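One structure below.
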Amino acid sequence: MNEIPVIETGRLRLRPHRADDFQDMQALWGDPRTVRFIGGHVQDAQTVWFRLLRYAGMWALLGYGFWAIEDRETGAYLGDGGLMDGRRGIKLLDGAPEIGWALVPEAGGRGLATEFAAAVTGWADSVLRAQVTRCIIEPDNAASLRVAEKAGYAEIGRAELGGKVVIVLERAASPNLRSP
């Protein structure tokens with residue numbers, strides 16, 4: 001199994017998920033505000049449990065995955081985010097890790113998602129050595145589109161997922177960190 005790194009920023013700690021994150025994850029993924037632009041449906045306990053198991057499995061199989069995002073000062077759980085290979089059937093996502101994030105609604109408007117995205121793209125550039133990363137965002141999700149833009153993502157196309165249109169965005173690795 002690949003060791004999951006811990007990444008610290010000024011205000012955040014990205015750490016491996018633990019079984020005891022389950023209750024916090026249930027609150028996050030069971031909140032309609034969280035899923036409004038991520039599928040649109042709250043998730044039941046089993047779905048959240050399988051999500052937690054999937055997070056651990058990504059690291060073991062791919063060498064990258066999702067972290068639990070916590071407040072560095074208090075240790076409070078703030079959400080989930082990282083890189084994935086979702087095999088979503090969207091051709092524009094093929095061949096590149098996909099960044100994603102979900103923060104508890106109370107964490108919104110403080111720049112934490114932007115701080116998270118900078119940390120993950122930096123890790124992808126320097127450790128994963130990914131030439132590009134991509135993401136999908138629903139067109140009405142203005143906050144996430146702003147986060148993606150600040151992190152260097154630009155639209156490369158649109159696709160359909162679950163009956164909804166999503167914008168597919170791409171970010172090239174920093175030129176000085178790309179693999180030879």
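Bear in mind that the values here come from a model prediction, so they are computed numbers and not experimental data.
Put simply, the side chain of S144 does not reach to within 4.5 Å of the side chain of F37, judged on heavy atoms. Contact of the V166 side chain with the I137 side chain is not registered, since no non-hydrogen atoms from C-beta on lie closer than 4.5 Å. Between I136 and L169, the closest side-chain pair of non-hydrogen atoms is not below 4.5 Å. The side-chain heavy atoms of D85 and E98, taken from C-beta on, include no pair separated by under 4.5 Å. Under the 4.5 Å side-chain criterion, counting only non-hydrogen atoms from C-beta, L112 is in contact with L12. The closest side-chain heavy-atom distance from V35 to H41 is not below 4.5 Å. Inter-residue side-chain proximity for P139 and R158 is flagged as met; some heavy-atom pair is nearer than 4.5 Å. At a threshold of 4.5 Å between non-hydrogen side-chain atoms, the residues R171 and D125 count as touching.
Results of the side chain to side chain contact (heavy atoms under 4.5 Å, CB included) test with F116 over L78, T9, L14 single out L14 as the only residue that passes. In summary, of the residues considered (W101, Y77, W123), a ring-ring contact (aromatic ring centres under 6.0 Å, His included) with W67 occurs for W123 alone.
Taking CZ of R51 as the reference point, atom CD of Q46 lies at 13.5 Å (rounded to 0.5 Å). The structure places CG of D24 at 10.0 Å from CD of E70, a figure rounded to the nearest 0.5 Å.
Taking hydrophobic clusters as Ile, Leu, Val, Met, Phe, Trp and Tyr residues chained together by side-chain heavy-atom distances below 4.5 Å, L161 does not share a cluster with V165. Linking Ile, Leu, Val, Met, Phe, Trp and Tyr whenever their side-chain heavy atoms come within less than 4.5 Å leaves I38 and V168 in two separate clusters. L83 and L62 fall within the same hydrophobic cluster, where Ile, Leu, Val, Met, Phe, Trp and Tyr residues are linked whenever their side-chain heavy atoms come under 4.5 Å apart, directly or through other members. In terms of hydrophobic clustering, with Ile, Leu, Val, Met, Phe, Trp and Tyr side chains grouped at heavy-atom distances under 4.5 Å, W59 and I7 are assigned to a common cluster.
Side-chain contact annotation: D31 with T34, donor-acceptor N/O pair under 3.5 Å absent. A donor atom on one side chain and an acceptor atom on the other are found under 3.5 Å apart for D80 and W29.
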Test side chain to side chain contact (heavy atoms under 4.5 Å, CB included) applied to M25 and H17, step by step: CA-CA 10 Å; M25 288 179 65; H17 283 86; 3.8 Å; yes
Take E138 and K164 through the side chain to side chain contact (heavy atoms under 4.5 Å, CB included) test and state the conclusion after the steps. CA-CA 8 Å; E138 290 187 16; K164 295 182 178 184; 3.4 Å; yes
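Classification of D21 and R15 as a salt-bridged pair holds, one side-chain N sitting under 4.0 Å from a carboxylate O. A salt bridge links E106 with R33: at least one charged nitrogen is closer than 4.0 Å to a carboxylate oxygen. With salt bridges taken as basic N to acidic carboxylate O contacts below 4.0 Å, none links R110 and E115.
Between F66 and Y55, the angle of the ring planes stays under 30°, which puts this pair in the parallel group of the 30/60° scheme.
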All N/O donor-acceptor pairs, side-chain side in residues 90-97, below 3.5 Å, sequence neighbours left out:
none

Can I get a per-line list of side-chain donor-acceptor pairs under 3.5 Å for residues 145-154, giving both atom names and the distance, sequence neighbours left out?
from : atom 1 : to   : atom 2 : distance (Å)
Y153 : OH     : T133 : OG1    : 2.5

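By the 6.0 Å contact criterion, CZ on R72 is enclosed, its count of non-hydrogen atoms from other residues, nucleotides or ligands being greater than 12. Residue E155 qualifies as enclosed at atom CD: its count of foreign heavy atoms under 6.0 Å is above 12.
Listed for the T47 side chain is no donor-acceptor partner under 3.5 Å among the backbone atoms of Q43.
Every residue meeting the side-chain hydrogen bond (donor to acceptor under 3.5 Å, both in side chains) condition with R134, not counting sequence neighbours, appears here in chain and number order: E170.
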